[in-house]
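Everything numeric in this text was worked out from a predicted model, so none of it was measured. Computed over heavy atoms, backbone and side chain alike; hydrogens, waters and symmetry mates excluded.
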Amino acid sequence: MRPNDRRSSAFDALMALGDTPMWVVTTADGVRRAGCLVGFATQISIEPRRFLVGLSKANYTYTVAQHSEHLAVHLLAPEGVALAQLFGSETGHAIDKFGHCEWHTGPNSMPILVGAAGWFVGRIVGSHDLGDHVGFLLAVTAAAGPDDGARALRYHDVAMLQAGTAP
């Protein structure tokens with residue numbers, strides 16, 4: 001094993017141990033809707049409230065997000081594995097994911113997933129090339145919180161999923 005391979009393997013193991021929450025990001029650009037499962041996301045400011053979400057450049061959601069002014073970010077509960085599978089293992093290049101789940105149009109015309117534990121909509125205030133992902137900086141404009149006692153779907157709950165990719 002080369003030194004770089006060991007470093008990558010150790011880093012990957014450390015990130016898996018972190019067991020981050022899994023999010024589904026949805027968006028619409030007036031013509032198209034898109035959504036994907038996201039593990040690269042975090043709150044980065046308390047006041048003003050800001051959130052950074054990373055979208056893969058290979059993802060259909062990234063293509064649509066480039067033409068949108070807002071993103072909707074959904075936190076899934078552990079019972080949300082089916083939604084995680086739909087938005088993580090299928091690609092918007094091939095299917096309309098919204099035809100396979102319950103959703104409604106929310107603030108700023110964003111698609112809101114009915115099965116999410118909670119969600120927020122953020123206005124895109126910046127984007128940054130981060131390698132194979134682009135980070136979208138969001139200013140929170142609307143939110144619906146989870147029920148008391150809600151728990152988040154975590155990385156270990158979906159680690160077995162195969163990522164949906166462009167055809």
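Judged by distance alone, the side chain of T26 and the main-chain N or O of L71 form no donor-acceptor pair under 3.5 Å. The main-chain N or O of A28 is found under 3.5 Å from a side-chain atom of S68 such that the two form a donor-acceptor pair. A distance-only check finds no donor-acceptor pair linking the side chain of H133 to the backbone of G54 [under 3.5 Å]. Here the side chain of T141 pairs a donor or acceptor atom with the backbone of V121 at under 3.5 angstrom. Side-chain N or O atoms of N108 include none that pairs as donor or acceptor with a backbone N or O of M110 at under 3.5 Å. Side-chain atoms of H74 come within 3.5 Å of backbone atoms of V24 as a donor-acceptor pair (strictly under, hydrogens ignored).
I112 CD1 to F120 CZ: the interatomic distance, rounded to the nearest 0.5 Å, is 10.5 Å. The line from CG of D29 to OG of S109 is 11.0 Å long, rounded to the nearest 0.5 Å. Taken to the nearest 0.5 Å, the CD1 atom of I124 stands 9.5 Å off from the CD atom of Q66. Of the inter-residue distances, the one linking L75 atom CG with R151 atom CZ reads 11.5 Å to the nearest 0.5 angstrom.
A 4.5 Å side-chain heavy-atom check between Y62 and S127 finds every atom pair outside the cut-off. Using a 4.5 Å heavy-atom cutoff, the side chains of L113 and C101 are in contact. A 4.5 Å side-chain heavy-atom check between H100 and E90 finds every atom pair outside the cut-off.
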**OP:** Might you work through the side-chain contact (heavy atoms from CB on, under 4.5 Å) test for L37 and Q85, ending with a clear yes or no?
**Re:** CA-CA 8 Å; L37 186 66; Q85 185 168 12; over 6 Å; no
Original post:
side-chain contact (heavy atoms from CB on, under 4.5 Å) between H70 and T27: does it pass, once the steps are laid out?
Top reply: CA-CA 7 Å; H70 296 83; T27 193; 5.8 Å; no
**OP:** Apply ring pair (Phe, Tyr, Trp, His ring centres under 6.0 Å) to F87 and W23, showing your working.
**Re:** CA-CA 10 Å; F87 283 90; W23 306 84; over 10 Å; no
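Taken together through direct or relayed side-chain contacts under 4.5 Å among Ile, Leu, Val, Met, Phe, Trp and Tyr, L86 and W103 form part of one hydrophobic cluster. No continuous path of hydrophobic side-chain contacts links Y60 to F40 [ILVMFWY only; heavy atoms under 4.5 Å]. One hydrophobic cluster, built from ILVMFWY side chains closer than 4.5 Å, holds both V25 and F136. V134 and L138 fall within the same hydrophobic cluster, where Ile, Leu, Val, Met, Phe, Trp and Tyr residues are linked whenever their side-chain heavy atoms come under 4.5 Å apart, directly or through other members. At a threshold of 4.5 Å between side-chain heavy atoms, the hydrophobic network of Ile, Leu, Val, Met, Phe, Trp and Tyr places F51 and V125 in two separate groups.
For the side chain to side chain contact (heavy atoms under 4.5 Å, CB included) with R50, the lone residue among I44, V140, T42 that qualifies is I44. Evaluated for a side chain to side chain contact (heavy atoms under 4.5 Å, CB included) with T61, the options V64, T63, N59 yield exactly one hit, N59.
Applying the 6.0 Å contact sphere to CZ of R49 captures no more than 12 heavy atoms from other residues, nucleotides or ligands.
Here the shortest heavy-atom pairing between G131 and K57 reads O-NZ, 2.8 Å. Smallest separation of non-hydrogen atoms from C36 and K97: CA-NZ, 4.2 Å. Across all non-hydrogen atoms, the minimal contact from A65 to L55 is CB-CD1, 3.8 Å.
The hydrophobic cluster around L130 extends to none of the other residues, as no ILVMFWY side-chain heavy atom falls under 4.5 Å of it.
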